[in-house]
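Because the structure is predicted, anything quoted here is derived from the model rather than measured.
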Amino acid sequence: MNKWYEDPGTPGSNVIYSRIRLVRNWREYPFPGKMTREQSAEMTGKLYEGLAGIGSLEGKKFRFAYLDRMADLEKTALFERRAINRSVLKKHQPSGLILSEDEREGVVLNGDDHIRIQTVDMGLCLSRLYQRADRIDDYIGNRFDYSFDEKYGYLTSFPTNVGTGLRASAVVHLPVLSRKKNFASLTADMARFGTVIRGVYGDGGENFGSLYQVSNQKTLGQSEKEIIDLVEKTAAELDVQEKKLRKDALRQRPLGRADEAYKSYGVLRYARRLTRKDAMELLSQIMAGINDGILKTDEPCSFFGLMVGIQPANLLSRSEKPLSREELDAARAAFLRERLPEI
């Protein structure tokens, strides 16, 4: 079964994928930060036992795994694929993961909160993802009594999640808009309306591949529909602005735009070593070239899926031996040569 990020996505759209996350806590136990190791192990085991039939909801097979017993490389690969978050990656207390075969649905147990429900898929589809997450939420809520307050809503480890416990996000590809001088002021303006925009991949202040995540800031005082509508509207507006700028650039310097796209393809087709940063930037240029009609591939391809595949832990997971930095760069180039579609 293909993973969600291997889907080619929506042609012509700069919205790469959407994600819904719901956090909940079981009333019988303290928040994870206050639990002993014994309580963490006991609670995770009980949640596993009570959720054994969760696959019946979506008609899929689900994987059940204890994250604290998992090798660091495998956990990091899951983090790179957005199945777990950074705090769970670093956690050593007993914790668990229930993950569908295609990784579109997942439940983290005893992370920052007792229960973290996630649904994710390509394109701008937050309403559909929320429906799936809500079904999982009902399934769990019918078996375990949530911590809930009539005034404040769902009670969570962090005050920023109290209320609906909902974080809606969409990742948008913005190679031109993000380089404009007014991009920082644009994101600041959007923050005043309740959304936050941050880079997805990178080191320090850099953002490799020009991918930006748009998500809601508040979970209290807004309904789930209001949150989803806000994030979808923001992502759609960013998509419109990026398309306009790229259309103008293509009209003003068509040869330059074509040169960028074809050169990027040529480097990826023949390179023998590639750093993560270089590969991400080249894939970004190809994605823009395809969306702008400059490049046409012989068959559909998920270039975001290639971005996921070239992350260090996912590359190392495919290797039969440890790799030096130079060997990792060579493996990255080979991975892309093998999977890059013809144009």
Peer 1: In this structure, are over 12 heavy atoms from other groups packed under 6.0 Å from R198 atom CZ?
Peer 2: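 Open.
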Peer 1: Between Q311 and Y201, does any side-chain donor sit less than 3.5 Å from a side-chain acceptor?
Peer 2: no
Peer 1: Check this for me, if you would: do D229 and K233 make a salt bridge, where the nitrogen-to-carboxylate-oxygen distance has to be below 4.0 angstrom?
Peer 2: no
Peer 1: Whether the side chain of D102 engages the backbone of N2 through a donor-acceptor N/O pair (distance < 3.5 Å, no angle test) should be reported.
Peer 2: no
Peer 1: Counting C-beta onward and ignoring hydrogens, is there a side-chain heavy-atom pair between L22 and L166 closer than 4.5 Å?
Peer 2: yes
Peer 1: Count the heavy atoms belonging to other residues, nucleotides or ligands that lie under 6.0 Å from NZ of K247, then report whether that count exceeds 12.
Peer 2: no
Peer 1: Considering residues, nucleotides and ligands other than F148, do more than 12 of their heavy atoms fall under 6.0 Å from its CZ?
Peer 2: yes
Peer 1: Would you list the pairs meeting salt bridge (Lys or Arg N to Asp or Glu O under 4.0 Å) in which at least one residue belongs to residues 142-167, sequence neighbours left out?
Peer 2: R27-D145
Peer 1: Give a yes or no on whether the backbone of G209 and the side-chain of E281 come within a donor-acceptor separation of less than 3.5 Å.
Peer 2: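 Flag set: sc E281 to bb G209 pair under 3.5 Å.
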Peer 1: Output all residues satisfying salt bridge (charged side-chain N to carboxylate O under 4.0 Å, His left out) with D239, sequence neighbours left out; order by chain, then residue number.
Peer 2: K243
Peer 1: Could you list the residues that satisfy side-chain contact (heavy atoms from CB on, under 4.5 Å) with C301, not counting sequence neighbours?
Peer 2: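 Listed in chain order: F303, L306, P341.
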Peer 1: Side-chain contact, heavy-atom cut-off 4.5 Å: N14 with L238?
Peer 2: no
Peer 1: Is it the case that the side chain of K91 and the backbone of G111 share a donor-acceptor pair, with hydrogens and angles ignored and the cut-off at 3.5 Å?
Peer 2: yes
Peer 1: Salt bridge or not between E342 and R269? Use side-chain N to carboxylate O under 4.0 Å.
Peer 2: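 Here E342 pairs with R269 in a salt bridge, since their nearest N and O are under 4.0 Å apart.
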Peer 1: With no hydrogens and no angle check, is any side-chain donor or acceptor of R132 less than 3.5 Å from a backbone partner on R128?
Peer 2: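 Such a contact is absent between R132 side chain and R128 backbone.
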Peer 1: Can any side-chain N or O of T195 pair as donor or acceptor with the backbone N or O of V231 at less than 3.5 Å?
Peer 2: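 Not confirmed, T195 side chain does not pair with V231 backbone.
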Peer 1: Looking only at heavy atoms, which two atoms of L282 and V267 are closest? And how far apart?
Peer 2: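 Here L282 and V267 meet closest at CD1-CG1, 3.6 Å.
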Peer 1: Between the side chains of E6 and R339, is the shortest nitrogen-to-carboxylate-oxygen separation below 4.0 Å, so that they form an ion pair?
Peer 2: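 Salt bridge flag = no for E6 with R339.
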Peer 1: Under 4.5 Å between side-chain heavy atoms, counting indirect links through other Ile/Leu/Val/Met/Phe/Trp/Tyr residues: same cluster for Y5 and L124 or not?
Peer 2: no
Peer 1: Under 4.5 Å between side-chain heavy atoms, hopping through other hydrophobics if needed: is there a path connecting L99 to L51?
Peer 2: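 No, L99 and L51 fall in different hydrophobic clusters.
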Peer 1: Below 4.5 Å, heavy atoms only, C-beta onward: do Y262 and L295 meet side chain to side chain?
Peer 2: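 Of all side-chain heavy-atom pairs linking L295 with Y262, at least one is under 4.5 Å.
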Peer 1: Main chain of L177, side chain of E242: is a donor-acceptor contact present, judged purely on distance under 3.5 Å?
Peer 2: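 Answer holds: yes.
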Peer 1: Any side-chain heavy-atom pair from D68 and T44 closer than 4.5 angstrom?
Peer 2: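 Heavy-atom side-chain distance check fails, nothing below 4.5 Å.
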Peer 1: Spell out, as yes or no, whether a donor-acceptor pair under 3.5 Å connects the side chain of E28 to the backbone of F144.
Peer 2: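 Judged by distance alone, no pair lies under 3.5 Å.
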Peer 1: Any chance the side chains of E80 and N314 put a donor and an acceptor closer than 3.5 Å?
Peer 2: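 E80 vs N314: donor-acceptor pair found between side chains.
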Peer 1: Any side-chain heavy-atom pair from K3 and V308 closer than 4.5 angstrom?
Peer 2: no
Peer 1: Assign the ring pair H114 / Y29 to parallel, tilted or perpendicular, where the plane angle (0 to 90°) is split at 30° and 60°.
Peer 2: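 Ring orientation of H114 relative to Y29: perpendicular.
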Peer 1: Say whether D7 and Y17, considering side chains only, have a donor N or O and an acceptor N or O under 3.5 Å apart.
Peer 2: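 Result is no, nothing qualifies.
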Peer 1: According to salt bridge (charged side-chain N to carboxylate O under 4.0 Å, His left out), who are the partners of R21, at least two apart in sequence or on a separate chain?
Peer 2: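 If we apply the salt bridge (charged side-chain N to carboxylate O under 4.0 Å, His left out) test to R21, skipping adjacent residues, there are no hits.
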Peer 1: Determine whether a donor-acceptor pair (N or O, by modelled atom type, separation under 3.5 Å) exists between the side chain of T156 and the backbone of V162.
Peer 2: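 Side chain of T156 to backbone of V162: a pair is present.
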Peer 1: Counting only N and O atoms by type, is there a donor-acceptor contact under 3.5 Å from the side chain of T119 to the main-chain atoms of L129?
Peer 2: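 Yes, T119 side chain to L129 backbone: donor-acceptor pair under 3.5 Å.
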Peer 1: Can you confirm whether D72 is buried at CG, in the sense that more than 12 heavy atoms of other residues, nucleotides or ligands lie under 6.0 Å from that atom?
Peer 2: no
Peer 1: Tell me which donor-acceptor pairs under 3.5 Å the side chains of residues 30-37 have, and how far apart each pair is, sequence neighbours excluded?
Peer 2:
| from | atom 1 | to | atom 2 | distance (Å) |
| --- | --- | --- | --- | --- |
| T36 | OG1 | Q39 | N | 3.1 |
| R37 | NH1 | H92 | O | 3.1 |
| R37 | NH1 | Q93 | OE1 | 3.4 |

Peer 1: My understanding is that only residues two or more places apart in sequence, or in another chain, count here; which of them pass side-chain contact (heavy atoms from CB on, under 4.5 Å) with S302?
Peer 2: M122, F304
Peer 1: Please tell me if the side chains of E105 and I54 come closer than 4.5 Å, counting only heavy atoms from C-beta onward.
Peer 2: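 Heavy-atom side-chain distance check fails, nothing below 4.5 Å.
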Peer 1: Does either side chain, that of S157 or that of D113, offer a donor lying less than 3.5 Å from an acceptor on the other one?
Peer 2: yes
Peer 1: Considering residues, nucleotides and ligands other than R325, do more than 12 of their heavy atoms fall under 6.0 Å from its CZ?
Peer 2: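 Incorrect, the count does not exceed 12.
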Peer 1: Under 4.0 Å between a Lys/Arg side-chain N and an Asp/Glu carboxylate O for K46 and E49?
Peer 2: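 Between E49 and K46 there is no salt bridge, as every charged N stays at least 4.0 Å from the carboxylate O atoms.
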Peer 1: Counting distance only, does the side-chain N/O of E232 pair as donor-acceptor with the main-chain N or O of L126 below 3.5 Å?
Peer 2: yes
Peer 1: Do we see a donor-acceptor contact under 3.5 Å between the side chains of N110 and S40?
Peer 2: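 Yes, because at least one side-chain N or O of N110 sits under 3.5 Å from a partner of the opposite role on S40.
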Peer 1: Could you tell me whether R135 and D138 have a side-chain N and a carboxylate O separated by less than 4.0 Å?
Peer 2: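 No.
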